*Asks:* 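Please find one structure pasted underneath; my questions will follow.
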Amino acid sequence: MENDQFVAADLLLLSSSEPHGLCYIETAELDGETNLKSRQSLPETATLLDDNAAFTRLRAEITCEAPNNNLSRYEGALKLDGSQLSLNNSQVLLRGCILRNTVWCYGVVVFAGKDTKLMQNSGKTKLKRTSIDRLLNYLIIGIVMFLLCMCTICTIACGIWESQIGVKFQVIQPWDVFVEAIVNRQNQSGAIAVIAVLMFFSYFIVLNTVVPISLYVSVEMIRLAHSFWINWDQEMVFKDIPAKARTTTLNEELGQIEYIFSDKTGTLTQNIMTFNKCSINGRRYGDVVDEAGEMTEPLENTPLTDFSDNPEADLKFRFYDKTLLRDVKKRDPDCDLFFRLLSLCHTVMPDEKNGRLVYQAQSPDEGALVDAARNFGFVFLYRNPTSITCKIMDEEVEYELLDILDFNNVRKRMSVILRKDGKILLYCKGADSIIMERLRPGNDQLKQITNDHLNSFASDGLRTLCLAWKELTPTQYSTWKAKYHEATVALENREEKVDAVAEEIEKDLILIGATAIEDKLQDGVPDAIYSLAQAEIKIWVLTGDKLETAINIGYSCKLLTDDMREVFIIDADDAAGTQDQLEKAKTKLGSPDSPMLSPAADGIPRSKSGVTFPGPGSPTIHDIATVENGHSNGTAAKEMDENNICALVIQGKSLVFALTPAMEMLFLEVASLCRAVICCRVTPLQKALVVGLVKKHKKAITLAIGDGANDVSMIKVAHIGVGISGQEGMQVCRVLFI
């Protein structure tokens, strides 16, 4: 393959034009992320380069997993020259990727056609028809049946008349020659039957005008006019780009929508992350303080921190707290360690555009953290498979890269193991709940202060991470490395074994601090969600983000509010646990003793995710209204207080069990009783299954909205699809209504 080519099958990377077998890919058509990702071939095959003769002599055997729809995992082994080498997702180029910044690469196809992971995630394309279309079809079928009945009655009447009266007129008006050619003239009953059948078709021609064929034409003309109104709507023009109705058949459904399924990243949010605040060794940075010493929101005239003395600083970076830069310049050891970790613990790839250093990150969060470190004088320069080079306060420093323990949905953290000046260092960053469990005993005061800062950051809707580190002895590392290598070459349960070995080294950590990143909302999102909620339209957010982030954004965009009676979180790892949590949620929704949640209640604590905990006494849903099939019945429902609304948040791992035939109705029942539902860490296929579940059992009009290729499946399933052409590619715009 050559640069900018589309990957047409799942490939095992063998070699590339870049050093150490590296290549870069864009996966916007797979996961919606436009940032470049790196893939690296095995060192044993990277030396083949572009030598065709060497490829001809290559003899190897690949053993791998069966075709599946997991985009983030690949397990296999390569048997080469008598040794068995482990294969994982970092050596595989999936169908749907585009090769970038790499002149050429060689690979071998492991899956093709419908076996590729992209096709395994694709839903079936179905013809979408509106309720009016279906009604018209039923009416036309009824009219045609009426026409056939009338023609049949007329045919029978004609046969009776011909047998009793018509035969007497043969002298003056004989039967047609055609009839006599079919039957014998003496066979009167046969001739009468032929005449009756012919009259059936005559009546069918005479009465066919009762079928309103022109009605279809009239309806299509009206729909075409409506589509023009959508295209011309000035309220839906953004930066001179108007809305575009790509089909005329779904217009009338827009006023009947009961459920909206939305992606989060790039749809509710701009997918633009900014480093906002941080906590370093118990000291909080990033707050804007007024003259009276009170914290306030930054205004347009609020002075920014001056980074002009840093030639590598990003001109777009905005930070208001000048004390952090001052402490960094003083070479405060805690700040130094904090930003050193941010500049080293990541998978970001550097690039250069117009003479400026730019970063290509697998996630916007990671890019924002590395960019922040650059602005404070800790500049990540370049990396290769064996080292990472940074410029720290104008001094170029190289670290030997020993291992990367990458982030996944189970670990919720990532670590790098580095060697510098004979010291082996482990730097780790991850979800606060995960890092806090792995800290070295002691220093409880720092943990408590950092937790308070995290709770404050989360209540502001910021995405938080904790940072920690430890030093390893050579004996510790060598012992662990042997176990790690054994786990990486395992063919069965490799991922679980690798995670278990990583768990052994990622403990007894020393807390450094925490980061807080803001994911900016799209303009007008909170107001739009509020208006939809007032119209009793239920909103379900289906996102691949982690639980904490999804909840934080839910609060930021007013999908979740502090006045909600309760936010149910379903995060069990097995079927029994998932069912138990759903049953408890169902019981609370209908229990007369279910507690009321209100931020004004006395002594109610708030978690770092923004979810409030129960307090005493509250009215129940059944005291206010009877809820059936997701709709409130009775006048009391109209007077339901906002404080009695609930929300449901469910993890992707729990959703796997909730969508099974044995549990799907329980999940749907609980979700229907909630005003808002957030499904996080979901795959594209799970998005489609959730939409299909509601569409099948609720008999309601559904709308799906997204901006990435990972939203295509749910848009195909929903009645109406709305696509946003933005940060995450254009594939979604090819399958949608608007």
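Residues take their numbers from the sequence shown, with the count starting at 1. Just so it is clear, the structure is predicted and the values come from calculations on it, not from any experiment.
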*Asks:* Using atom types as modelled and distance alone, determine if a side-chain donor or acceptor of E366 lies under 3.5 Å from a backbone N or O of T347.
*Replies:* yes

*Asks:* How close do C646 and F568 get, heavy atom to heavy atom, and via which atoms?
*Replies:* CB-CE1, 3.9 Å

*Asks:* Ignoring hydrogens, what is the shortest heavy-atom contact between I701 and Q256? Give both atom names and the distance.
*Replies:* CB-O, 3.3 Å

*Asks:* A side-chain contact here means heavy atoms from C-beta on lying under 4.5 Å apart; do C278 and L324 qualify?
*Replies:* yes

*Asks:* Rounded to the nearest 0.5 Å, what separates atom CG in N231 from atom NE2 in H226?
*Replies:* 13.0 Å

*Asks:* What's the verdict on side chain to side chain contact (heavy atoms under 4.5 Å, CB included) for I98 and V7, showing C-alpha distance, side-chain angles and the deciding distance?
*Replies:* CA-CA 6 Å; I98 299 176; V7 181; over 6 Å; no

*Asks:* For the CG atom of N455 and the CZ atom of F457, what is their distance to the nearest 0.5 Å?
*Replies:* 10.5 Å

*Asks:* Quick check against the 3.5 Å criterion: does T464 have a side-chain atom that pairs as donor or acceptor with the backbone of L454?
*Replies:* no

*Asks:* Using side-chain heavy atoms (C-beta onward) and a distance below 4.5 Å, is I551 in contact with L560?
*Replies:* yes

*Asks:* Mind listing the closest non-hydrogen atom pair of A700 and H719 along with its distance?
*Replies:* O-CE1, 3.1 Å

*Asks:* Between S531 and D527 (side chain of the first, backbone of the second, donor and acceptor by atom type, cut-off under 3.5 Å), is there such a pair?
*Replies:* yes

*Asks:* Check the side chains of E258 and T702 for a donor-acceptor pair under 3.5 angstrom, ignoring hydrogens and angles.
*Replies:* no

*Asks:* Please enumerate all residues that pass salt bridge (charged side-chain N to carboxylate O under 4.0 Å, His left out) together with R223, with sequence neighbours excluded.
*Replies:* D133, E220, E252

*Asks:* Should we say atom CZ of F6 is surrounded by more than 12 heavy atoms from elsewhere, each under 6.0 Å from it?
*Replies:* yes

*Asks:* Are the ring centres of F319 and F307 closer than 6.0 Å?
*Replies:* no

*Asks:* How many angstroms lie between atom CG of L465 and atom CD1 of I517, to the nearest 0.5 angstrom?
*Replies:* 6.0 Å

*Asks:* Determine which pairs satisfy salt bridge (charged side-chain N to carboxylate O under 4.0 Å, His left out) with at least one residue from residues 684-694, sequence neighbours left out, and list them in order.
*Replies:* D263-K687, K687-D711

*Asks:* Tell me, please, which residues at least two apart from H346 pass ring-ring contact (aromatic ring centres under 6.0 Å, His included).
*Replies:* F380

*Asks:* Evaluate the criterion side chain to side chain contact (heavy atoms under 4.5 Å, CB included) for residue pair Y216 and L136; output intermediate values, then yes/no.
*Replies:* CA-CA 8 Å; Y216 279 103; L136 282 177; 4.2 Å; yes

*Asks:* So do the side chains of L668 and V694 get within less than 4.5 Å of each other, counting heavy atoms only?
*Replies:* yes

*Asks:* For the atom pair CG (N276) and CZ (R318), what is the distance rounded to the nearest 0.5 Å?
*Replies:* 11.5 Å

*Asks:* What pair of heavy atoms forms the shortest contact from L559 to M564, and how long is it?
*Replies:* O-CE, 3.2 Å

*Asks:* Run the side-chain contact (heavy atoms from CB on, under 4.5 Å) test against Q686 and tell me which residues pass, sequence neighbours left out.
*Replies:* L655, V656, V682, T683

*Asks:* Run the side chain to side chain contact (heavy atoms under 4.5 Å, CB included) check on F261 and V690 step by step: do they pass?
*Replies:* CA-CA 9 Å; F261 299 89; V690 170; 4.1 Å; yes

*Asks:* For the CG atom of L693 and the CG atom of L659, what is their distance to the nearest 0.5 Å?
*Replies:* 6.5 Å

*Asks:* Heavy atoms, side chains only, cut-off 4.5 Å: are Q651 and C680 in contact?
*Replies:* yes

*Asks:* For L462 and A516, which heavy atoms make the closest approach, and how far apart are they?
*Replies:* CD1-CB, 3.7 Å

*Asks:* Residues in side-chain contact (heavy atoms from CB on, under 4.5 Å) with V217, at least two apart?
*Replies:* M221

*Asks:* Mind checking what makes salt bridge (charged side-chain N to carboxylate O under 4.0 Å, His left out) contact with R100, not counting sequence neighbours?
*Replies:* D4, E26

*Asks:* Do side-chain atoms of N354 reach the backbone of R356 as a donor and acceptor pair under 3.5 angstrom?
*Replies:* no

*Asks:* Would you check if the side chain of K558 reaches a backbone N or O of Y555 as a donor-acceptor pair within less than 3.5 Å?
*Replies:* no

*Asks:* Could you check if a side-chain atom of F275 sits within less than 4.5 angstrom of a side-chain atom of L369, using non-hydrogen atoms only?
*Replies:* yes

*Asks:* Decide whether Q120 and N69 meet the rule of one side-chain donor and one side-chain acceptor closer than 3.5 Å.
*Replies:* no

*Asks:* State the CG-CZ distance between N375 and F317, to the nearest 0.5 angstrom.
*Replies:* 5.0 Å

*Asks:* Given the rule in the side chain to side chain contact (heavy atoms under 4.5 Å, CB included) test, do F667 and I650 qualify, once you have shown the distances and angles that lead to the verdict?
*Replies:* CA-CA 10 Å; F667 166 63; I650 183 169; 4.0 Å; yes

*Asks:* Do you see a donor-acceptor pair shorter than 3.5 Å between the side chains of S308 and D306?
*Replies:* yes

*Asks:* Do K277 and D287 come close enough that some side-chain heavy atom pair is under 4.5 Å?
*Replies:* yes

*Asks:* Grab the two heavy atoms, one from Y359 and one from P350, that are nearest each other, plus how far apart they are.
*Replies:* CD2-CA, 4.1 Å

*Asks:* Answer whether the closest heavy-atom distance between the side chains of L342 and V370 falls below 4.5 Å.
*Replies:* no

*Asks:* Can you confirm whether I529 sits close enough to I539 that some side-chain heavy atom of one is under 4.5 Å from a side-chain heavy atom of the other?
*Replies:* yes

